[in-house]
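Down below is the structure, laid out as structure tokens.
Sequence lines set the chain letters: A, B, ... in the order given, protein chains first and strands last, and positions in each chain run from 1.
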Amino acid sequence: MSAFLRNTAFLLGLPLLLVLWWWWATIDSTNFFVPTPGELVTTFVDTWFGPRFWQDVLPSIGRLAAGLALAIVLGVAFGILIGSFKRLRQLLEPLLEFIRAVPPVVLVPLLMLLIGINDLMKVVVIVSGAIWPILLNTVEGVRATDEVQRDTCATYRIRGLNRLRYLTLPAASPQILAGVRQSLSIGLILMVISEMFGSSSGLGFTIVWFQRNFAIPEMWSGILVLGLIGLGLSVIFRVVERRILRWYHGLREVQRAS
Amino acid sequence: MRADTKSIPAFDGPMLQVAGLRKIYPTATGGFEAIRNLTFDVPAGQLACIVGPSGAGKTTLLKCIAGLLPRTEGVLELHGKDITGPPKTMAVVFQEYGRSLFPWMTVERNVELPLKAAGVPKAERRARAAEALEQVDLADAGGKYPWQLSGGMQQRVAIARAVAYRPEVLLMDEPFAAVDAQTRADLEDLVRRIWKELGITILFVTHDIDESVYLGERVIVLSAAPTVVQDDILVDLPADRDQLRTRSLPRFAELRTHVFEEIQRAKAEAKTGAIPAR
Amino acid sequence: MESAPARAVARSEPGRRSPRRPGSGLGPLLGTAGILGFLLLWELVSLAGLVDTRFLPAPHTVLVRLVEYLRDLAFWRDVADTMTAWAIGLTISVVAATVLGFAIGSSRFLEHATRSTIEFLRPIPSVALIPLAVILFGVKIQSALLLIVYASFWQVLIQVIYGTKDVDPVAEATARSYGLNRWQRVRHVVWPTALPYLMTGIRLAATVALVLAITAELIIGTPGLGKQIGLTQSTGDVVGMYALIIATGLIGVGINFLARLVERKALAWHTSIRTDLVT
């Protein structure tokens, strides 16, 4: 029980202190830029718990989910393909290094031009940025598959889909998930940016709209929404990662202890 | 003594035939000759040990036999059939048990995997895996992950996986080099027991002279690289072996001395260049 | 280590796992072929008219424009603006994150107490701060710095905390038993342990900082390459846009290359270059 209390204190202590400090600092402030905690909470509820949730938040999240899902599927598929063939890897490596190094945001104007301003463009923008960490990490993971494990598969004639399912994918999974983790934040960033460009709905648009209209508490509440989405993503990721990589964490713990 | 230990009784149709085997690794400087010329047969049902000094290309030899490495020259036949890739009726136990078992699968699933890939139905797979785990005294460990087990236990899982696969030939590449002495003795007895129970052919690679004499019906001594067969010794110890009694037999001491001398000679020749290094 | 040489050579067999050896054979050639092939494919697509050349100009026109840019002082001024924001932002976040990371990582109490706050703040996408930056700083460089620092700070902080926590207990105990004081232990035990992590953090942060610098320029309009990309887009100069995008990619490659070089150099003593797995 005392352990539980201590953990709770650790969990909430600093956030509470910070909020208190914020409350105290804004208690009789007339600062236009910083709302009080109470103001922010009421604005948050008023702004986002209503039609805006269905019109702006959900579609944004939907596009993000679609983009990330596509990025994961394509990234892993191509990553495995490229990682499995040395010649293919050598052929594409410099090209991929270059494409990866292009800051994904600059592709937004490009894709607007090629696709137009619509949902597809926004999803493609997310995919075009989020796919690279997954793809390159998958390539690396497949490439670095243990030699003895490969020999084991070869001697027991574990081939084709079986090999993919029981050796390649699980062996690369720690790397793949490390890539996915990077992709989540890139995807979120691109979701926002794709909506800031010539869009008329979505979270990114709404937040910029608030700022242009000097609706400062609303703007802050929008930042909070983005923060919560980011937090939600990272929590979901962590749960999924723990499940998929239970063996990996167990193995690492054993290796560390020895 | 040399004469009588060298004679190998003739067997009809060897299980495994190695003739004129040569392996050169391509390198930037033109190639490294790991194996120069190896010729030996292994009859069906024999437990043969291959022993040689460090760097004798034992692992290379084993990988060639297992179909994991292409050979440069020579004949490699299993049951009279050319080995071009990993043969269906062969299993390999690697030295690196920690890397050969898949850490993302439980012990049971590790043992079952080759059977699954071979299309064995689920019920039979289960039964064979359970039986194999029982044979290596790990009946209770099926639900655990390999990394939750000790090194010796992990190697037993790898052996169980090979046993469940029911190969005709089992290759073992220094399987016990990385476990402690006590575990090692247990595992040696396990290999003897399984060999007798299953009647399979086992080719056991080791650098440990005592181990080779204790385990094998026959010891093939390799020279240093570039490798040739230095000596081929029939181990005429009683079939029922015991860590204590067998190892204290005078004949055991004689054989181990003989193998030891051969290996020393191999090393000396490599050093003085009696067999040119390239 | 038995038969180690054979095994080491076995790796370089074609078709088997082979560590990239510098200057070994076909690799770089194939890589060049890959890039040329890509350009050729692009050229063919635009030649065949599969995509409107207004949207996808032929690569040779883009490359010609890129060369023109390289001779243009204004282009280099934009590059300098971008790199200035990048360098300042990266420096601020690295210094701040290193100091804080060491403080947090070396105290169990602080590490526990800050964990939830860090876990909450870290996932906030830095672009969410764009409106705030605009209100506070407009199109001044500070806007870009706010985004850059926020994004890259966490990359370094997390790595440094992890690194300081990763100190080998045996090494720590050894240092204590030889009577090293707290400062000496930090200097000789904690710092060397955390250094590889710090280097990884800096490498990641360097990449992120460039992305955010360009983002701020493109969206807010702070001076730099990103702003120019926005301009080419709004004026319909598609060729220029492609050329600038390629230029940002080249800068990105350069930064990646440098960051990896520095990481390798700094870790030359380290037995294995760590991967990014633990973040």
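- Heavy atoms of A/L18 lying under 4.5 Å from chain C belong exclusively to its side chain.
- With rounding to the nearest 0.5 angstrom, the CD1 atom of C/I130 is 9.5 Å from the CD1 atom of A/I207.
- At a 4.5 Å heavy-atom cutoff, C/L244 makes no contact with chain A through either its backbone or its side chain.
- Neither the backbone nor the side chain of C/E217 comes within less than 4.5 Å of any heavy atom of chain A.
- The greatest number of non-hydrogen atom pairs below 4.5 Å with chain C, out of A/I99, A/V192, A/I193, is found for A/I193.
- Contact of A/L92 with chain C is not made at all, since no heavy-atom distance falls under 4.5 Å.
- The side-chain heavy atoms of A/P94 and C/T32, taken from C-beta on, include no pair separated by under 4.5 Å.
- The candidate from A/L113, A/L226, A/V102 with the greatest count of non-hydrogen atom pairs under 4.5 Å with chain C is A/L113.
- Of the two parts of C/I245, the backbone and the side chain both hold a non-hydrogen atom closer than 4.5 Å to a non-hydrogen atom of chain A.
- Looking at C/F109, both its backbone and its side chain come within 4.5 Å of chain A, counting heavy atoms on both sides.
- Here A/P109 is the residue among A/P109, A/G179, A/G204, A/G232 with the most heavy-atom pairs under 4.5 Å with chain C.
- Heavy atoms closer than 4.5 Å to chain C are found nowhere in A/R212, neither backbone nor side chain.
- Within the 4.5 Å cutoff, the side chain of C/L218 has no heavy atoms near those of the A/P103 side chain.
- Proximity to chain C (any heavy atom under 4.5 Å) is restricted, for A/L228, to the side chain, taken from C-beta onward.
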Going through the distances and angles, do C/S116 and A/L12 end up as a side chain to side chain contact (heavy atoms under 4.5 Å, CB included)?
CA-CA 7 Å; C/S116 62; A/L12 299 177; over 6 Å; no

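- Neither the backbone nor the side chain of A/S185 comes within less than 4.5 Å of any heavy atom of chain C.
- Residue C/L132 touches chain A through both its backbone and its side chain, counting heavy-atom pairs closer than 4.5 Å.
- The side chain to side chain contact (heavy atoms under 4.5 Å, CB included) test with C/I229 is passed by exactly one of A/V106, A/V105, A/L110: A/V106.
- For the pair A/R6/C/H112, no side-chain contact is recorded, criterion being any heavy-atom separation below 4.5 Å from C-beta on.
- Looking at A/L177, neither its backbone nor its side chain comes within 4.5 Å of chain C, counting heavy atoms on both sides.
- Looking at A/I216, the atoms closer than 4.5 Å to chain C (heavy atoms on both sides) all sit in the side chain, from C-beta outward.
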